[in-house]
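Predicted model, so just to flag it, every value in this text is computed and none were measured. Chain letters run A, B, ... following the sequence lines, proteins first, then strands; residues in each count from 1.
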Amino acid sequence: MAKQPAAVVGVGQTHHRAKREDVSMAGLCREAIDRALLDANLTLDDIDAIVVGKAPDLFEGVMMPELFLAESLGAAGKPLLRVHTAGSVGGSTAIVASSLVQAGVHKRVLTVAYEKQSESNAMWALSVPLPFNMPVHAGAGGYFAPHVRSYIRRSEAPTHVGAIVAAKDRRNALKNPYAHLRNPDTTVESVLASQMLWDPIRYDETCPSSDGACALVIVDEDTARASANPAWIHGTVMRSEATTAAERDQVNPQASRDAAAALWKQAGITNPIEEIDAAEIYVPFSWFEPMWLESLGFAEANGGGWRLSESGATAMDGKIPVNCSGGVLSSNPIGASGMLRFGEAALQVRGAAGEHQVDGARRALGHAYGGGSQFFAMWVVGSEKPAN
Amino acid sequence: MRDVAVVGFAQRQMAEFDGSPTCVELLVPLFAECYEQTGWTRRDIGFWCSGSSDYLAGRSFSFVQAVDAIGVIPPVNESHVEMDLAWAMYEAWLKIQTGEVDTALVYAFGKASAGVLRRTLALQLDPYTMTPLWPDTVSLAGVQARAGIDAGAWDERAMAEVANRSLTDAEKNEYSIRKGGSSVEELLSRPVYADPLRKHDCSPVTDGAAAIVLAAGDQAREVRDRPAWISGLAHSVDPISMGTRDLTRAPSAARAAAAVDLGGVELAELHAPFSHQELILRRELGLAEDVRINPSGGALTSNPMFSGGGIRIGEAASRIWSGEVSKAVGHATSGPALQQNLLCVLEGNI
């Protein structure tokens, strides 16, 4: 049996904040779920199965939290799956949810991803000492800074490009009512004047720690007919590579390049920069925008990426608008961040992105990565049903 | 639906794995066994999916290093569930059903001996209202066993019968870490551990890992003369709250049973970490008296966290391959007191 068409008909997210003290983990998830169901014009009773994603359990200190959340997520009495694939988890979770529909197993699937960083200690959870392992003790910024330095060296990038990206994403966030950071006065100059944290990554080039959740309703073709603006899934991909190998290219990992190639092929895209109208790319540190632009094939390797970012091509009115929502740089509920990218891509092709809508977006990319750049999840969604 | 079969299975179970902090090192020989059974290399595997828990490994991202066991280059189509192997297999089965891939290798691992498992599992409970009280798993299972006895749903003798049969069958299973049946009377004369549970009513803390290989259609037929075809695969979850559930029942197991065809099942491998839970499952699945239960010895004789459920499916599949039975069911559970349940029906002829 061939793959069944599937579409996103509901997208919901929370107001992302440093501390959502007004809600529990369950309440946070429900805020996103209720918005997604309202958007889809469905209720929990209509949902066949639920897929939950989040980053490590050590963050909030709950082992397999989907078990205690089952009832409040509306999963009691239904199949419930829990995905965990590092930072890419929000994307992978959406992909597993779509595969439930594409496999013909279910018709209406609800998926939700969350992180409540105010109830967790990510820095501790990422730094637990392990036998026979080199301690990082630096958090994600310390881990990725050498990758960024390597990129700057290889591509001979001017050092202010990261600040251009950061200023752009923070300005985009002002158009997104759900964004965590809303700093109206961010400019390239103000980013460059901010504290250096992990050379060359400055404070304003770094994602925040957020509480937040994202939920999607993914349905089969029959159900999608009732929606005025379904976002059809044109391609999904997951790729992983091993952590320890001297030959790994951590700046432009093979898993990322392979994933992009497989994704474009599935979606029937031969020239991404011409055929994709908006991209939501996982950029937790500003420099990852040019790095991923190259790895994804939007630009030539070793310099095409920073030239695109520097030229303004990734701004909302540019050739390839990237992270019109403000991206991970403006809201980072870790487990949900990937699903937010996937959901924002769906909003763009549904014409439902509000103030940060790219006019006439027909095809959009949602992208997430995780670990030390070993794990990748991506999808392409479109306003029209795919031909394949 | 595409025809998909279990065509490979490898396992290790032991009281204490003395090696890698996470049992990841066990995966390399397990994968080698899977390659040997199938005649494949890693490049023949279309999709990988693993199950594990960061709380057993005592670290975040415990599955990350497991990917290294697959090999380095090229990258793989891979996913992970923070669930038992059985659910990792479910995700892989889905992936095959989408038509994207034809084969999958799923694996899981867990080293429970590194901590105090019954306390670690208290972290699975509601973090706002239950975990602060640290109710441990064995005590919660004791509450469930007592509820059933008080309701007249079972008695200690029925529980001892389950344990005696399991310990007897385990004598033939090289991976069982607790074995040796005696008699119901002898078992009942042993001391109570967590009233009304005796030690043999509780699965032993076990380290281990397991892997299952799936293949669709002709690729399955190329691997085995008699693949174990998956004719039904369903799962469901109940609310966690111990105070509002009828602990003598497992509605999610009954719902999973209603979603598959258990008619004609000759053998059931039930993932029942406590003896009374087998009695609950037999009732919810409506298994006839003549259905052979847990010839492997079951979870009461070894129960590695995160692979214990998948091992039930592997054990059932191996008895299809051998021709011993034509239809079998493998069951997996997760969460306190049978909160979440999965059934996989396997058939030799389709």
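The contact list for residues 107-117 of chain B toward chain A, using heavy atoms and a distance under 4.5 Å, is empty. Residues from residues 72-81 of chain A that place a non-hydrogen atom less than 4.5 Å from a non-hydrogen atom of chain B comprise A75(A), A76(A), G77(A), K78(A), P79(A), L80(A), L81(A), given in numerical order. Proximity to chain A among residues 81-88 of chain B is limited to V81(B), E82(B), M83(B), W87(B), judged by heavy-atom separations below 4.5 angstrom.
Here I73(B) is the residue among I73(B), I70(B), L342(B) with the most heavy-atom pairs under 4.5 Å with chain A. Among S24(A), S98(A), P56(A), the residue with the largest count of heavy-atom pairs under 4.5 Å with chain B is P56(A). The candidate from V237(B), L123(B), V67(B), I240(B) with the greatest count of non-hydrogen atom pairs under 4.5 Å with chain A is V237(B). Looking only at heavy-atom pairs under 4.5 Å with chain B, the residue among E66(A), M25(A), M238(A), E241(A) that has the most is M238(A). By number of non-hydrogen pairs under 4.5 angstrom with chain B, the leading residue of A49(A), A245(A), S99(A) is S99(A). Annotation: maximal heavy-atom pairing with chain A below 4.5 Å, among D126(B), V76(B), D238(B), occurs at V76(B). Considering only heavy-atom pairs separated by less than 4.5 Å from chain B, the leading option among G372(A), P65(A), A86(A), G53(A) is A86(A). Comparing V83(A), T93(A), D258(A), L100(A) by heavy-atom pairs within less than 4.5 Å of chain B, the highest count is held by L100(A). Ranked by non-hydrogen atom pairs under 4.5 Å with chain B, the options M63(A), Q374(A), E247(A), Q254(A) are led by M63(A).
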Which is it for T98(B) and Q102(A) under the side chain to side chain donor-acceptor pair (under 3.5 Å) test, yes or no, and what are the steps along the way? CA-CA 6 Å; T98(B) 67; Q102(A) 292 172 327; 5.6 Å; no
Between M1(B) and V105(A), does the side chain to side chain contact (heavy atoms under 4.5 Å, CB included) criterion hold? Intermediate values first, please. CA-CA 8 Å; M1(B) 290 283 129; V105(A) 173; 4.0 Å; yes
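When every heavy atom of A103(A) is checked against every heavy atom of L94(B), the shortest pair comes out as CB-O, 3.7 Å. When all heavy atoms are compared, the tightest approach of G61(A) to Y55(B) is CA-OH, 3.0 Å.
Residue contact with chain A, scored on non-hydrogen atoms closer than 4.5 Å, involves the backbone of L125(B) exclusively. For Q340(B), the part lying near chain A is the side chain, with the backbone staying farther off; criterion is any non-hydrogen pair under 4.5 Å. Neither the backbone nor the side chain of S62(B) comes within less than 4.5 Å of any heavy atom in chain A. Residue contact with chain A, scored on non-hydrogen atoms closer than 4.5 Å, involves the side chain of S53(B) exclusively. In this structure, chain B has heavy atoms under 4.5 Å from both the backbone and the side chain of A125(A). Heavy atoms closer than 4.5 Å to chain A are found in both the backbone and the side chain of R59(B). With a 4.5 Å cut-off on non-hydrogen atoms, W93(B) touches chain A through its side chain but not through its backbone. Contacts between L69(A) and chain B at a heavy-atom distance below 4.5 Å are absent for every atom of the residue.
Note on K3(A) versus E100(B): salt bridge recorded, some NZ/NE/NH1/NH2 to OD/OE distance being below 4.0 Å.
Here the CG atom belonging to N77(B) is positioned 14.0 Å from the CZ atom belonging to F376(A), to the nearest 0.5 angstrom. For the atom pair CD (E78(B)) and OG (S92(A)), the distance works out to 8.5 Å, reported to the nearest 0.5 Å. Put simply, CE on M130(B) and CZ on F68(A) are 12.0 Å apart, with the number rounded to the nearest 0.5 Å.
A donor-acceptor contact shorter than 3.5 Å links the side chain of D68(B) to the backbone of T243(A). Side-chain N or O atoms of Q124(B) include none that pairs as donor or acceptor with a backbone N or O of L67(A) at under 3.5 Å.
Under the salt bridge (Lys or Arg N to Asp or Glu O under 4.0 Å) criterion, the residue pairs touching residues 108-117 of chain A are D48(A)-R108(A), K54(A)-E115(A), K116(A)-E119(A), K116(A)-D211(A), with sequence neighbours excluded.
Aromatic ring centres of H84(A) and F61(B): separated by under 6.0 Å.
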